*Asks:* 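Below is a structure I'd like to ask you about.
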Amino acid sequence: MKKIFSGIQPSGTLTIGNYLGAMKHFVDLQHDYECMFCIVDQHAITVPQDPDELRDHKRKLAALYMAVGLDVNKSTIFIQSEVPAHAQLAWMMQCVSYIGELERMTQFKDKSEGKNGVSAGLLTYPPLMAADILLYGTDIVPVGDDQRQHLELTRTLADRFNRQYADIFTLPETKILGRRIMSLQNPEKKMSKSDANTKGFISMLDDEKTITKKIKSAVTDSDQDVRFDVENKPAISNLLTIYSLLSTQEVSSIEKEYEGKGYGAFKSDLAELTVSVLTPIQKRFYELYESDEVDNVLDAGSDTANKQARTLLQKAEEAMGLHRT
Ligand code: AQP
């Protein structure tokens, strides 16, 4: 069975961008692949995090993985920092990375722009991501469209290591899952859980009132036509994408349904649809979050991942000469 690895940062409560762009698809994939789903807390600390909040976000993320339907008998759910091999291999991957190629990463440019004191970790995020993936002999990495560039770099680094030292790493294929969901307040910007403007995203745990308010105050384009046209009507096109992914209805049939009805009716229905999709997930989430089940699953996940990661870590260390014998 082919192997899948994918990670999500516990850098806030997941948004519907994370859900529609990644997590929702994991549930289907687990039937056909051996899956490792990682809570990448070491990636999250590349920007400052409150330690207590970070701990809480990790438990929340584990509970959400389960609440959307991941079956822990089929998938391994674990926390990155509980498997030291990630950081160990990440150092080796940093040593085969070039500063220039890391500086060219869009995410690095976006997250460092205009900031004083950008962490070195933000720059070396991609070699850590490469290590996460390569450690498990991953065949396929399912991610949202925003991660394409990082995945290309992972393949470059694996190939470089294989040529320079020993042919031990599988070059993973990228599986782009969903379209990129944009901020509700700025359709030129990706919807992100760490956006300081909370009106820009819908969190998977937002209540009905908040969801309705955020959708009603989402920016729209100048006319009243509910029409998909990314270039000229990026804001309404983003809302149409969200509607289509939540309802599994074609965009063209949604356009037809709202012809002549204006933005108000469309937004109202989108809010209702979002609430109806998130409510059952939230119900299951709170049951899990308040139980011991989450910690038991994470303990078991960490055992499995540690056992699996050891083999490739040792091979990489031997190849680079980090072993005495
Ligand atoms: N807006 C999005 N649209 C589609 N897919 C998205 N993903 C994230 N945002 C969108 C996908 O979700 C998975 C987990 O992402 P992540 O949390 O590891 O990192 P990220 O891409 O940096 O997500 P955020 O929400 O923007 O986090 P912060 O604010 O901390 O940087 C990935 O598969 C990603 O493609």
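On a predicted model such as this, the values are computed, not experimentally measured, just so you know. Just so you know, ligand 1 is whichever comes first in the structure, and atom 1 is the first atom listed for that ligand.
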*Asks:* What I want to know is whether Ile181 and ligand 1 share at least one N or O pair that is separated by under 3.5 angstrom.
*Replies:*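 Right, the criterion is met.
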*Asks:* Give the numbers and elements of all ligand 1 atoms closer than 4.0 Å to a heavy atom of Arg180.
*Replies:*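 Near Arg180, meaning under 4.0 Å from one of its heavy atoms, ligand 1 has 3 (N), 4 (C).
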*Asks:* When you measure from atom 35 (O) of ligand 1 to every protein heavy atom, which one gives the shortest distance, and what is it?
*Replies:* Asp146 OD1, 2.5 Å
*Asks:* Under 4.0 Å from a heavy atom of Ser11: which atoms of ligand 1 are those, numbered in the order shown and with their elements?
*Replies:* 27 (O), 28 (P), 30 (O)
*Asks:* Under 4.0 Å from any heavy atom of Asn18, which atoms of ligand 1 are there?
*Replies:*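 Listed by number with element: 7 (N), 8 (C), 9 (N), 12 (O), 14 (C), 15 (O), 17 (O), 23 (O), 25 (O).
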*Asks:* Using distance alone, determine whether Gly21 and ligand 1 share an N or O pair under 3.5 Å.
*Replies:* no
*Asks:* Over 60° means perpendicular and under 30° means parallel, so classify the ring planes of Phe266 and Tyr258, tilted if in between.
*Replies:*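 Answer is perpendicular, since the angle exceeds 60°.
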*Asks:* Pairs of nitrogen or oxygen atoms closer than 3.5 Å, one from Lys111 and one from ligand 1: do any exist?
*Replies:*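 Looking only at distances, the answer is yes, because the N/O contact criterion of under 3.5 Å is met.
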*Asks:* Any side-chain donor-acceptor pair under 3.5 Å between Gln149 and Thr106?
*Replies:* yes
*Asks:* If we check side-chain contact (heavy atoms from CB on, under 4.5 Å) with Thr46, which of these qualifies: Leu128, Val40, Leu122, Val118?
*Replies:*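 So the option named by the test is Leu122.
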*Asks:* Has Gln80 got a side-chain atom pairing as donor or acceptor with Gln9's backbone, closer than 3.5 angstrom?
*Replies:*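 No; judged by distance alone, with no hydrogens or angles, the pair does not exist.
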*Asks:* Taking the six-membered ring for Trp, are Phe161 and Tyr165 parallel (under 30°), tilted (30 to 60°) or perpendicular (over 60°)?
*Replies:*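 Rings of Phe161 and Tyr165: tilted, 30 to 60°.
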*Asks:* So which of Lys193, Lys189, Arg148, Met129 gets nearest to atom 27 (O) of ligand 1, if we judge by its closest heavy atom?
*Replies:* Lys193
*Asks:* Quick check: are there more than 12 heavy atoms from other residues, nucleotides or ligands sitting under 6.0 Å from NZ of Lys3?
*Replies:*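 Yes, the 6.0 Å shell around NZ holds more than 12 heavy atoms from other groups.
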*Asks:* Which is closest to atom 20 (P) of ligand 1 in terms of heavy atoms, Lys190, Met191, Gln107?
*Replies:*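 Closest candidate by heavy-atom distance is Lys190.
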*Asks:* In terms of residue, atom name and distance, what is the protein heavy atom nearest to atom 4 (C) of ligand 1?
*Replies:*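 It is Gly17 O, 3.4 Å.
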*Asks:* Just to be sure I'm reading this right: ignoring hydrogens, which of Gly144, Pro10, Ser192, Ala22 gets closest to atom 13 (C) of ligand 1? Compare them by their nearest heavy atoms.
*Replies:* Ala22
*Asks:* Examine Thr15 against ligand 1 and note whether any of their N/O atoms are separated by less than 3.5 Å.
*Replies:* no
*Asks:* Report yes or no: is the cationic atom of Arg160 (NZ for Lys, CZ for Arg) under 6.0 Å from the centre of the six-membered ring of Tyr98, at an angle within 45° of the ring normal?
*Replies:* yes
*Asks:* Under 3.5 Å, is there a donor-acceptor pair between the Asp41 and His57 side chains?
*Replies:* no
